[in-house]
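Every chain is numbered from 1, with letters handed out A, B, ... down the list of sequences.
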2 protein chains.
Amino acid sequence: MGARSYGQYCGVTTAVELIGERWALLIVRDLLVGPRRYTDLKQGLPRIPTNILSARLKELQEGGVVRRVPLHNCGLVYELTPYGRALEPIMLALGRRGFQTMGEPSPDDVVTPDSLTMALRTAFQADAATDAEYELHVRDVALRASVRAGTLTVARLAPESSLPERGPVPERGPVPERGPVPERGPVPERDTLPERDPLPERGAKRRDEGPDREPDAVIVAGRGIRRLIAGELTPAEALAQDVLAVVRGDETFLDSFARTFHIAPLTELTKESAS
Amino acid sequence: MGARSYGQYCGVTTAVELIGERWALLIVRDLLVGPRRYTDLKQGLPRIPTNILSARLKELQEGGVVRRVPLHNCGLVYELTPYGRALEPIMLALGRRGFQTMGEPSPDDVVTPDSLTMALRTAFQADAATDAEYELHVRDVALRASVRAGTLTVARLAPESSLPERGPVPERGPVPERGPVPERGPVPERDTLPERDPLPERGAKRRDEGPDREPDAVIVAGRGIRRLIAGELTPAEALAQDVLAVVRGDETFLDSFARTFHIAPLTELTKESAS
DNA sequence: CCGGATCCGAATCGATACTG
DNA sequence: CAGTATCGATTCGGATCCGG
């Protein structure tokens with residue numbers, strides 16, 4: 001019997017023996033966003049020891065969760081098998097759960113593009129969602145969240161990924177030019193945000209469909225984003241308290257944002273411990 | 001920052017830092033069945049070191065998942081807070097997941113009443129369920145599964161619990177006499193099962209409602225139960241191959257059992273690893 | 001730079017013994 | 001019954017190193 005077997009013949013133990021190991025689920029979290037190279041994973045999990053990453057990837061492969069795929073242009077990515085992708089509901093449930101218990105960040109907690117992407121998916125309320133294009137900045141992460149017909153698509157704007165966004169081959173024609181990522185210097189880590197920033201108009205670009213139209217709102221959030229999604233703060237309050245800013249686009253989109261991305265808190269009275 | 005912090009500000013990490021620790025989720029699994037004393041937990045988790053059990057209970061308390069409750073007759077149980085009970089969907093999802101990847105048991109894997117109870121809940125298909133009373137024996141565990149109006153209730157018959165089944169106070173009158181648990185010697189661990197065993201009729205007991213009526217079927221299963229629930233075997237095949245037996249009641253109830261408790265396997269082709 | 005493998009001190013876990 | 005104490009065995013974390 002393996003050293004880390006729980007010694008029980010039971011579904012829960014079987015699942016936990018594989019994906020319950022330290023770091024394993026976080027690797028899966030990042031791979032749910034897209035295929036990743038070894039180095040990408042290491043960057044997305046800054047505190048993972050490289051030997052652990054290596055060991056977990058091996059275990060996840062043997063468990064049929066992850067697959068190594070050689071890249072056409074001489075490289076190598078890890079991606080989830082369909083079997084691994086089936087973990088998404090569990091991941092989303094865990095994400096919701098954690099969100100509800102999350103306090104303020106530790107001073108040296110990081111926010112990574114993949115974790116923020118999954119957080120958006122976690123909070124996404126398909127039935128309350130109205131179509132819109134958001135650009136979301138949290139610390140140095142920038143994402144593009146597209147809501148269309150009750151479906152959420154999240155693309156990574158910054159830090160730029162070394163990997164193409166979805167599948168290695170851009171199906172139709174060359175990869176579309178994306179306007180430069182708005183550069184306004186490093187986003188402040190504090191909740192206090194700069195005044196609305198009148199960016200120079202970019203080259204004429206129509207507000208058409210597709211991932212390249214102007215976003216309806218560019219939201220820059222410090223940690224205030226959590227309180228907005230939890231409903232602790234209304235959009236108006238968030239703006240008033242400067243824990244959040246809409247640096248371009250209409251502030252009213254913050255309302256639809258808050259409806260689209262929401263995780264209801266558990267009632268407080270359940271958290272006290274007795275005796 | 002705590003030594004086991006993942007260093008990320010993210011819901012998944014927050015959740016996993018608490019309930020992702022070794023043994024933590026299995027403690028929750030058993031507590032989802034009902035309140036348990038320290039010793040009960042230790043019995044249900046035979047290989048847990050006692051110091052780890054102690055540590056996890058402390059952490060789960062601080063995390064608001066578990067509560068210590070002094071018992072009226074001088075004792076002490078741990079029970080889930082409402083907040084902890086909210087983990088049930090995650091637990092069921094994990095249980096399903098693990099069930100789908102579970103192979104045959106290791107020679108010294110045990111089956112505990114609580115793990116089997118949760119496995120039944122995991123496999124329960126409310127919409128396909130037809131009302132029935134099953135008595136299920138797996139190795140030395142015996143459970144009573146009552147399906148009524150799309151609701152499943154599982155009671156533990158053996159090994160007998162030292163704790164009352166639900167809540168410390170039997171609400172109406174003294175606890176009803178239950179006929180002795182059918183004793184037919186230790187259930188064989190092998191898949192081959194004894195011939196149908198004509199138990200002596202118990203004292204006249206009508207087939208009325210409630211948990212005390214005769215079960216519609218007494219099912220004795222070795223490990224064949226997994227293959228039946230997974231649909232790898234039809235009830236008829238399971239009977240023919242002697243991986244299962246209906247020792248009392250109508251064998252046709254095995255069909256409704258298989259409809260009521262079912263976990264569809266993931267398609268096999270997803271499990272291969274490449275390169 | 002990518003994809004790891006190796007080494008070693010620190011923290012955690014597992015097994016057993018022991019105590020109020 | 002409900003844990004605490006102890007101690008060797010593992011695992012983890014952090015750093016370095018190495019072949020392509």
Scoring nucleotides 15-20 of chain C by protein non-hydrogen atoms under 4.0 Å (B base, S sugar-phosphate only, - none) yields BBB---
Between atom CG of Leu26(B) and atom CG of Leu53(B), what is the distance when rounded to the nearest 0.5 Å? 11.0 Å
OP1 or OP2 of dG3(D) sitting under 4.0 Å from any side-chain N/O of Arg37(B)? no
Between dG13(D) (P) and Arg4(B) (CZ): distance, integer Å: 11 Å
What is the distance, rounded to the nearest whole Å, between atom CG of Leu53(B) and atom P of dG3(D)? 8 Å
Checking dC13(C), dG3(C), dC1(D) against the side chain of Thr39(B) (C-beta onward), the nearest is dC1(D)
Side chain of Tyr78(A): nearest nucleotide among dG4(C), dA2(D), dG13(D)? dG4(C)
Counting only N and O atoms by type, is there a donor-acceptor contact under 3.5 Å from the side chain of Tyr6(B) to the main-chain atoms of Ile48(A)? no
Using atom CD1 of Ile27(A) as one end and atom P of dC12(D) as the other, report the distance to the nearest whole Å. 11 Å
Are there any protein N/O atoms within less than 3.5 Å of an N/O atom in nucleotides 17-20 of chain D, and if so, which ones and at what distance?
none

Separation between CG (Leu143(A)) and CG (Leu116(A)), nearest 0.5 Å, reads 4.5 Å
What integer distance in Å separates Arg36(B):CZ from dC1(D):P? 14 Å
Pairs in or reaching into residues 82-94 of chain B: which pass salt bridge (charged side-chain N to carboxylate O under 4.0 Å, His left out), with residues at least two apart or in two chains? Glu88(B)-Arg121(B)
Backbone N or O of Arg4(B) within a donor-acceptor pair of the Arg22(A) side chain at under 3.5 Å? yes
note: Arg68(A), atom CZ; dC2(C), atom C1'; distance rounded to Å ~ 12 Å
Scan residues 13-26 of chain B against DNA chain D and write down, sorted by residue number, each residue with any heavy atom closer than 4.0 Å; if none is found, say none. none
Separation of Ile52(A) atom CD1 from dG4(C) atom C1', in whole Å? 14 Å
When you measure from the side chain of Glu59(A) to the backbone N and O of Leu18(A), does any donor-acceptor pair fall under 3.5 Å? no
Nearest-0.5 Å distance that lies between atom CD in Glu21(B) and atom CD1 in Ile52(B): 9.0 Å
Please walk me through it: do Val12(A) and Met118(B) pass side-chain contact (heavy atoms from CB on, under 4.5 Å)? CA-CA 9 Å; Val12(A) 178; Met118(B) 289 308 293; 5.5 Å; no
Taking atom CG of Leu57(A) and atom CZ of Arg68(A), what is their separation to the nearest 0.5 Å? 9.0 Å
Could you check how far CG of Leu45(A) sits from P of dG13(D), rounded to whole Å? 11 Å
Going by ring pair (Phe, Tyr, Trp, His ring centres under 6.0 Å), name the pairs with one or both residues in residues 29-60 of chain B, residues two or more places apart or in two chains. none
Sorted by chain and number, sequence neighbours left out, salt bridge (Lys or Arg N to Asp or Glu O under 4.0 Å) with Asp30(A) holds for none
Whole-Å distance separating the NZ atom of Lys42(B) from the P atom of dG14(C): 15 Å
Between Ser54(A) and dA5(C), is there a contact of a side-chain N or O with OP1 or OP2 at under 4.0 Å? yes
Which distance, rounded to the nearest 0.5 Å, do you find between the CZ of Arg29(A) and the CG of Leu94(A)? 11.5 Å
